[in-house]
There are 4 protein chains.
Amino acid sequence: MPKSASTLSVPPPRAKFDKRRDKLLVIAARCFNEQGYDAASMRDIAREMAILPGTIYYYFPSKESLLVAVHQEGVRRILAKIEAALAKSSADPWERLSNASAAYLESMLGVDRDLCAVIISEFPRRHSKDLRAELLAARQIVDDRFRNLVADLPLRRGVSRSLWRLALMGQLAWTHAWYQKGKQTPGEIGRRLVDFLRRDSEN
Amino acid sequence: MPKSASTLSVPPPRAKFDKRRDKLLVIAARCFNEQGYDAASMRDIAREMAILPGTIYYYFPSKESLLVAVHQEGVRRILAKIEAALAKSSADPWERLSNASAAYLESMLGVDRDLCAVIISEFPRRHSKDLRAELLAARQIVDDRFRNLVADLPLRRGVSRSLWRLALMGQLAWTHAWYQKGKQTPGEIGRRLVDFLRRDSEN
Amino acid sequence: MPKSASTLSVPPPRAKFDKRRDKLLVIAARCFNEQGYDAASMRDIAREMAILPGTIYYYFPSKESLLVAVHQEGVRRILAKIEAALAKSSADPWERLSNASAAYLESMLGVDRDLCAVIISEFPRRHSKDLRAELLAARQIVDDRFRNLVADLPLRRGVSRSLWRLALMGQLAWTHAWYQKGKQTPGEIGRRLVDFLRRDSEN
Amino acid sequence: MPKSASTLSVPPPRAKFDKRRDKLLVIAARCFNEQGYDAASMRDIAREMAILPGTIYYYFPSKESLLVAVHQEGVRRILAKIEAALAKSSADPWERLSNASAAYLESMLGVDRDLCAVIISEFPRRHSKDLRAELLAARQIVDDRFRNLVADLPLRRGVSRSLWRLALMGQLAWTHAWYQKGKQTPGEIGRRLVDFLRRDSEN
DNA sequence: CATGAATGAGCCTTCATTCAT
DNA sequence: CATGAATGAAGGCTCATTCAT
């Protein structure tokens, strides 16, 4: 086959690069989630990926940048799942919140567990200021999405929407500490947790 | 004063040892809380304590044992505060839970912040099996106390007490991620969070 | 020379790695021999090798593994020398033992002094069970070779071959404690020591 | 009892001191023998003695001085046993050497095993010059005793008495590497080893 | 006599990172 | 693209030793 022709049939440039980068991201997320960011070494990640440690630096300039990328990818996937759920929802604000919560936990406790869990198990206090800002910005996006959903709720006058939202987020996040695959699906748990906070707060 | 009586006022043996050990505990807790267990080095702790790194090992045989001791002391203080609050409470189960939650957050977000926060910010997944068992045992004690309080509540039939309790614990624990000294006191926050879950769930 | 033939002369893969690893082995052996295993620090070894301490771990995963490798290499060299000497020997069992003893001391007191001496100057009592097993296994190989040579000797009835062998091994090993380059060569010493035990024991 | 009288009945001054010092010596010897000089820590020794580490320094100014004292005591006991055996011996030089060798191994492999074994298992190469001198001086005393015994033997002309003696000493010392309590007593082994070297060498 | 407490140097090891090839 | 090799700092921890009490 002539060389010039092959360029037409190959996937777009950097496709291979992006594919390996994505795989690296997932593996790094798993390591971070299983061992903690500090305890997970670049060697661990490289070993799981079956490459040499130095090679990681071709895809990411530093360990911190890996962490940021994991956060961002986690947020991306959560948001995608939430938006997909909302797209199928009615206009009822409680149903919308319920669906969003279910989607959130499906990401967090399901297939994307590692990528998403890093978002809540990493307390960024210890990191450098720049890193901290990036991590918090990523989380902020999910927070904002829920803020909007809560804003639409017909809560009773006097109920602090901000505290109410934090209560819900706490319930959802904490599942990471106790959930084990069992009788209830992540989605069911998400709906029930919303229900706990629901009727009393209603107008 | 007769000499025989003095034995009552004499400080117990190893008083100096215990005092420094306690101080070390508090400082270690602060370091763990600020930087994370892995990122906090024994040298950091020693520097804050104004002693040489080796000296820590006179008080604790290892870094892990320090972590365990911090957990245990944190649990001890939380429980003491909760029990004190319950002693002043009426028999009303909702009031009792409300007071306990307030006490819990007063510990967690107040003076004992560092000691107590380690309990929830440390995800023991990455540690050795023995260490993990000890850390989880410490947490279990607080969990059990709340389990008892929830058992006394007149919840509506069909509400899972175990999920309900996890919802509350999640709300409380998550305050650690967002609380900053401000208009609401930790105690007030604790009561409000209980209220969010309250009336709808009642019988 | 045709290219196809060059595969024979090309250095095997990882040639550089192996070369430096071997050099490290020799230097470590010297340090162990001069200062004792415990007293010889990885820093010492690194300094002699003109590398940083951490670099050693690229070649050996631990200090203990270095010790094991030194033992194994020492045994390998001793055996090679002994077999070479036996290959040139007649069938006379006394001559064979004499040649083997000479070869043994030529290794132990000569060029391979450091590598080989570790074998007898390291009393493995203090090490972990696994390490001890590996060290003893290495020694066993040399022991077995001599056991075979002794089995062929026409010793008088009633002479315990096992004690007789230990007597010879003791004489040979102890040279490490007193030998200094001087008038007698290691080989001569080996032959004389065998002679001391020889004629009286004969059939 | 009046205080003044008690001074008459108590053991000579420093008797208690000496007794504890001796016990310390024995315990240190055991630790050195079991773990090696470097690996045996002052803390280990103190623990076995049921005192605090600092207290050792009341009896010995340093770890090295402990080693020297162990060596000296080991040599003292070996020599005492040898002299006692010689006192009961005839004038026959072979019998005298045989008895001395038996006595030597009875010390080395028997009750005084720890104290005496340190003498041969410690290769002083690694120590400071002064320490080395003291250790070698202690060994020299035993060496000299055997040198005298060998000088009296009617060896064949042409046999190097010095090499012959080193051969014997090697056989004896090496028992430390293989002896285990079993069918043969240390004394029997000593006599047999001398026999191995005997008749052929005779005039 | 003996202790409790501390010291400071040093140990083995691990790590994120770099860079010539 | 990826590797092999090295770096240098830092990690947890142990040690012989000291000294006021």
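Chain identifiers are assigned alphabetically (A, B, ...) following the order of the sequence lines, protein sequences preceding nucleic acid strands; residue numbering begins at 1 within each chain.
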So what does [X] hit on the nucleic acid, given a heavy-atom distance under 4.0 Å: a base, only sugar-phosphate, or nothing?
{"X": "B:Arg21", "result": "nothing"}
{"X": "A:Tyr59", "result": "sugar-phosphate"}
{"X": "B:Ala50", "result": "nothing"}
{"X": "A:Tyr57", "result": "base"}
{"X": "B:Ala39", "result": "nothing"}
{"X": "C:Ser41", "result": "sugar-phosphate"}
{"X": "B:Ala46", "result": "nothing"}

*For B:Gly54 and for C:Asp44, find the nucleotide of DNA chain E with the closest heavy atom, then tell me which residue's nucleotide is more 5'.*
B:Gly54
*Which residue lies more 5' along DNA chain E, comparing C:Pro61 with B:Ile51 via nearest heavy atoms*: B:Ile51
*Which heavy-atom pair separates B:Ser62 from B:Met42 by the least distance, and what is that distance?*
C-CE, 4.4 Å
*Check: B:Arg139 side chain, B:Ile119 main-chain N or O, donor-acceptor pair, under 3.5 Å*: yes
Nearest 0.5 angstrom please: [X] [atom1] to [Y] [atom2], how far?
{"X": "B:Thr55", "Y": "B:Phe60", "atom1": "OG1", "atom2": "CZ", "answer": "13.5 Å"}
{"X": "C:Leu24", "Y": "C:Ile51", "atom1": "CG", "atom2": "CD1", "answer": "5.5 Å"}
{"X": "A:Glu73", "Y": "A:Asp114", "atom1": "CD", "atom2": "CG", "answer": "12.5 Å"}
{"X": "A:Arg20", "Y": "A:Asp22", "atom1": "CZ", "atom2": "CG", "answer": "12.0 Å"}
{"X": "A:Arg43", "Y": "A:Cys31", "atom1": "CZ", "atom2": "SG", "answer": "14.0 Å"}

*Compute both the distance and the angle, then confirm whether D:Lys63 meets the cation-pi test with D:Tyr37: under 6.0 Å from the six-membered ring centre, within 45 degrees of the axis.*
yes
*Step by step, would you call D:Asp44 with D:Arg47 a salt bridge (charged side-chain N to carboxylate O under 4.0 Å, His left out)?*
CA-CA 5 Å; D:Asp44 291 336; D:Arg47 194 183 316 115; 3.4 Å; yes
_Contact nearer the 5' end of DNA chain F, comparing D:Asp38 with B:Ser62_ = B:Ser62
*Nearest-nucleotide comparison on DNA chain F, the residue closer to the 5′ end among D:Pro53 and C:Arg20*: C:Arg20
*Does the side-chain contact (heavy atoms from CB on, under 4.5 Å) test come out yes or no for C:Glu48 and C:Arg30, once each step is laid out?*
CA-CA 10 Å; C:Glu48 299 273 311; C:Arg30 192 173 70 230; 2.4 Å; yes
In whole Å, what is the span from the [atom1] atom of [X] to the [atom2] atom of [N]?
{"X": "C:Tyr58", "N": "E:dT13", "atom1": "OH", "atom2": "P", "result": "18 Å"}
{"X": "C:Met42", "N": "E:dC12", "atom1": "CE", "atom2": "P", "result": "7 Å"}
{"X": "C:Lys63", "N": "E:dC11", "atom1": "NZ", "atom2": "P", "result": "9 Å"}

*asked:* Among residues 24-36 of chain B, which ones have heavy-atom contacts with DNA chain E below 4.0 Å?
replied: none
_Pairing annotation in dot-bracket form, given for DNA chain F with Watson-Crick or G-U pairs under 3.5 Å and | for cross-strand partners_ = .||||||||||||||||||||
*Name the first nucleotide and the last nucleotide along DNA chain F (5' to 3') that come under 4.0 Å of a heavy atom in chain D.*
F:dC15 to F:dT18
*Decide yes or no on side-chain contact (heavy atoms from CB on, under 4.5 Å) for B:Ile56 and B:Leu66, but give the supporting numbers first.*
CA-CA 9 Å; B:Ile56 298 179; B:Leu66 244 179; 4.2 Å; yes
*Go through the steps for C:Arg21 and C:Asp18 under the test salt bridge (charged side-chain N to carboxylate O under 4.0 Å, His left out), then give the verdict.*
CA-CA 5 Å; C:Arg21 189 179 181 278; C:Asp18 287 340; 5.9 Å; no
